Amino acid sequence: MDFREMLAADLREVFLDPGEFAESVELAGHEDVPCVCEPLELTPSDGHDRPAVSYEGLTIYVSAAAVPDELHPQRETTFRGQRWFVLESSTGESMRTIRLYRERT
């Protein structure tokens with residue numbers, strides 16, 4: 001097993017394991033997607049620059065193969081059955097990082 005294969009195995013078997021760090025969620029209409037989430041602090045220029053509107057954000061880490069490629073910036077998606085917008089999405093060899101935002105209510 002080479003180094004990349006070892007990293008992919010660690011990602012799958014430890015980091016994205018719901019028994020370890022991850023949780024299973026609905027993302028973009030896909031059920032039971034293992035992911036790790038963390039809060040994302042946003043400034044008005046990160047979302048839409050609208051006065052008197054505050055935003056909340058999340059950074060989500062998932063397997064690169066777990067969600068479709070249509071998660072492009074400014075597109076609407078769902079996360080845990082709620083409406084969010086994609087701020088940014090990048091894919092490495094085996095992991096995808098997705099940053100979501102929405103207006104705070």
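No hydrogens, no waters, no symmetry mates; every other heavy atom, side chains included, goes into these values. The structure displayed is predicted, hence computed values, not measured ones.
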Side-chain donor-acceptor pair present, E103, S54, cut-off under 3.5 Å: no

Does the pair F79 and V25 meet the rule for a side chain to side chain contact (heavy atoms under 4.5 Å, CB included), with working shown? CA-CA 7 Å; F79 177 68; V25 298; 3.6 Å; yes

Which is it for I98 and L87 under the side chain to side chain contact (heavy atoms under 4.5 Å, CB included) test, yes or no, and what are the steps along the way? CA-CA 8 Å; I98 305 164; L87 180 64; over 6 Å; no

Heavy-atom pair of closest approach, residues T78 and G29: OG1-N, 3.4 Å

Salt-bridge test for R80 and E23: reply yes if a basic N is under 4.0 Å from a carboxylate O, no otherwise. yes

Of the options E56, E88, E38, E41, which is the one that meets R99 in a salt bridge (charged side-chain N to carboxylate O under 4.0 Å, His left out)? E88

Whether E20 side chain and F15 backbone form a donor-acceptor pair below 3.5 Å: no

Dump the intermediate steps for side chain to side chain contact (heavy atoms under 4.5 Å, CB included) on L100 and F85, then the final yes or no. CA-CA 6 Å; L100 301 176; F85 291 91; over 6 Å; no

Identify the two heavy atoms, one from P18 and one from S24, that lie closest to each other, and give their separation to 0.1 Å. CG-OG, 3.7 Å

Any side-chain heavy atom of F21 sitting closer than 4.5 Å to one from V14? yes

Specify the closest pair of heavy atoms between C35 and I60, including all atoms of both residues, with the distance to one decimal. CB-CG2, 3.7 Å

Can you confirm whether R102 sits close enough to R83 that some side-chain heavy atom of one is under 4.5 Å from a side-chain heavy atom of the other? no

Given V62, which of L71, V36, T97, L27 fulfils the side chain to side chain contact (heavy atoms under 4.5 Å, CB included) condition? L27

Answer whether the closest heavy-atom distance between the side chains of H72 and S89 falls below 4.5 Å. no

Going through the distances and angles, do W84 and L58 end up as a side chain to side chain contact (heavy atoms under 4.5 Å, CB included)? CA-CA 10 Å; W84 291 80; L58 291 172; 3.8 Å; yes

